[in-house]
Amino acid sequence: MKTIITFGTFDVFHVGHVNILQRAASLGDTLIVGVSTDQLNYNKKGRNPIYNQLDRMKIINSLRYVNLCFLEESLEKKEEYIRKYDADVLVMGDDWKGKFDHLSNLCEVVYLERTPSVSTTEIIEVISSAT
Ligand code: C2G
């Protein structure tokens, strides 16, 4: 049994999120997803997500190829989460390429290509310029 773990904010859920979660799931038997807390997102991006952490968790939990999800409180806690869930593979989008290579002593680290031309930031910009 191979356990995959991945992380993300998944705000304003879109097809790029679906693609990476599906591809991550296809690499193993169990997919565990760490959903960034509102606070972590605020620290990183200087704004609150559009959807709050409970709604974002609810969306991720409802996907049939996601087996379990939890709140990711800090980027630095990845080692702790990998150990806790006994993950064999850490999957991240290639916007994070190289950033988590130091965890390869714990598990395999795989960066998957992002889906081009779709992002939460762009969706927010399009919606706000239309109103
Ligand atoms: N993604 C993608 N293609 C896109 C947009 C996003 O493959 N067009 C992927 C990202 O690479 C990431 C996942 O979808 O793996 C979630 O994206 P974000 O919500 O933007 O995640 P982020 O805020 O980068 O993660 O520990 C990481 C943190 O949780 C933050």
Side-chain angles (χ1 to χ4, degrees):
M1 287 291 273
K2 207 167 177 184
T3 301
I4 315 295
I5 194 165
T6 192
F7 296 87
T9 310
F10 304 104
D11 192 24
V12 189
F13 193 73
H14 58 65
V15 74
H17 298 144
V18 174
N19 289 340
I20 198 157
L21 291 172
Q22 267 181 337
R23 282 183 297 160
S26 74
L27 298 178
D29 306 288
T30 305
L31 178 61
I32 298 177
V33 183
V35 175
S36 299
T37 58
D38 294 339
Q39 186 63 53
L40 172 53
N41 196 259
Y42 190 87
N43 295 346
K44 231 174 32 161
K45 299 183 182 165
R47 63 165 178 82
N48 282 316
I50 305 288
Y51 299 164
N52 70 43
Q53 61 194 41
L54 293 182
D55 288 350
R56 290 183 287 109
M57 286 257 287
K58 201 168 184 178
I59 291 168
I60 300 300
N61 245 329
S62 73
L63 302 172
R64 67 170 175 272
Y65 38 83
V66 172
N67 299 95
L68 187 147
C69 81
F70 66 92
L71 283 172
E72 177 197 28
E73 289 173 347
S74 154
L75 293 180
E76 283 74 47
K77 281 192 171 175
K78 287 210 170 43
E79 178 167 348
E80 183 182 320
Y81 299 133
I82 289 167
R83 286 186 196 281
K84 178 170 178 187
Y85 294 105
D86 203 14
D88 300 294
V89 186
L90 166 65
V91 169
M92 298 295 297
D94 64 2
D95 43 328
W96 291 94
K97 199 164 191 133
K99 297 263 165 52
F100 298 108
D101 287 356
H102 59 282
L103 297 170
S104 57
N105 61 327
L106 283 178
C107 66
E108 192 184 336
V109 180
V110 174
Y111 302 97
L112 296 179
E113 205 179 304
R114 278 170 67 93
T115 302
S117 315
V118 57
S119 78
T120 299
T121 310
E122 225 171 277
I123 294 168
I124 295 169
E125 277 165 14
V126 169
I127 293 170
S128 43
S129 67
T131 53

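Because the structure is predicted, anything quoted here is derived from the model rather than measured. We count ligands from 1, going down the list as the structure has it; atoms in each ligand are counted the same way.
In Arg47, the CZ atom is crowded: over 12 heavy atoms of neighbouring residues, nucleotides or ligands sit closer than 6.0 Å. Within 6.0 Å of atom OH in Tyr42, 12 or fewer heavy atoms from other residues, nucleotides or ligands are found, so the atom counts as exposed in its surroundings. More than 12 heavy atoms of other residues, nucleotides or ligands shown are found within 6.0 angstrom of CD on Gln22. Counted within 6.0 Å of NZ on Lys97, heavy atoms from surrounding residues, nucleotides or ligands total 12 or fewer; the atom is thus considered open.
Looking at Val35 against ligand 1, nothing comes within 4.0 Å, counting heavy atoms. Here Asn41 has no heavy atoms under 4.0 Å from ligand 1, in either its backbone or its side chain. No part of Lys77 comes within 4.0 Å of ligand 1, judged by heavy-atom distances.
Scanning the protein heavy atoms around atom 1 (N) of ligand 1, the nearest turns out to be Arg114 NH1, 4.0 Å. For atom 30 (C) of ligand 1, the closest non-hydrogen atom on the protein side is Lys44 NZ, 2.8 Å. From the protein, the heavy atom lying nearest to atom 25 (O) of ligand 1 is Gly8 CA, 3.4 Å. Of all protein heavy atoms, the one closest to atom 19 (O) of ligand 1 is Phe10 N, 2.8 Å. Protein heavy atom at the shortest distance from atom 3 (N) of ligand 1 is Thr115 N, 3.0 Å. Considering only non-hydrogen protein atoms, atom 26 (O) of ligand 1 sits nearest to Lys78 NZ, 2.6 Å. Considering only non-hydrogen protein atoms, atom 11 (O) of ligand 1 sits nearest to Asp95 OD1, 2.8 Å.
Within the 4.0 Å heavy-atom cutoff, Val118 counts among the residues contacting ligand 1.
Nearest heavy atom pair, residue Met92 against residue Ile20, reads C-CD1, 4.1 Å.
You'll find the side chain of Arg23 stays beyond 4.5 Å of the side chain of Leu27, heavy atoms only. Between Phe100 and Tyr111 the shortest side-chain heavy-atom distance falls below 4.5 Å.
Looking at ligand 1, you won't find any N or O of His14 less than 3.5 Å from one of its N or O atoms. Ligand 1 has no nitrogen or oxygen under 3.5 angstrom from a nitrogen or oxygen of Thr6. Among the atoms of Trp96, some N or O lies under 3.5 angstrom from an N or O of ligand 1. Checked by distance only, ligand 1 and Leu40 stay at 3.5 Å or farther apart across all their nitrogen or oxygen atoms. For ligand 1, the polar-atom distance check finds no N/O of Asp94 at less than 3.5 Å from any of the ligand's N/O atoms. The distance criterion of under 3.5 Å between nitrogen or oxygen atoms is met by Thr9 with respect to ligand 1. By the 3.5 Å distance cut-off applied to N or O atoms, Gly93 is counted among the residues near ligand 1. Considering backbone and side-chain N/O atoms, Lys45 comes within less than 3.5 Å of an N/O atom of ligand 1. Note: no N/O pair closer than 3.5 Å links Arg23 and ligand 1 by distance alone.
A side chain to side chain donor-acceptor pair (under 3.5 Å) with Arg56 is found for exactly one of Thr9, Thr37, Asp38, namely Asp38. Of the residues listed (Lys78, Lys77, Gln53), the one engaging Glu72 in a side chain to side chain donor-acceptor pair (under 3.5 Å) is Lys78, and it is the only one. Of the candidates Ile59, Leu63, Val33, Val33 is the only one forming a side-chain contact (heavy atoms from CB on, under 4.5 Å) with Cys69.
Classified by interplanar angle (parallel below 30°, tilted 30° to 60°, perpendicular above 60°), the ring pair Phe70/Tyr85 is parallel.
Which of Thr121, Ile20, Leu21 comes nearest to atom 9 (C) of ligand 1 through a heavy atom is settled by distance: it is Ile20.
For ligand 1 and Phe7, the ligand atoms under 4.0 Å from any heavy atom of the residue are 26 (O), 27 (C), 29 (O). Of all atoms in ligand 1, numbered sequentially from 1 with element shown, those under 4.0 Å from a heavy atom of Leu75 are 26 (O), 27 (C), 28 (C).
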Start with the C-alpha gap between Leu31 and Leu21, add the side-chain angles, then the distance that decides, and say whether side-chain contact (heavy atoms from CB on, under 4.5 Å) holds. CA-CA 8 Å; Leu31 178 61; Leu21 291 172; 4.2 Å; yes
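Note that CG of Leu40 is 5.0 Å distant from CG of Leu75, once rounded to the nearest 0.5 Å. How far NE2 of His14 is from OG1 of Thr120: 3.5 Å, rounded to the nearest 0.5 Å.
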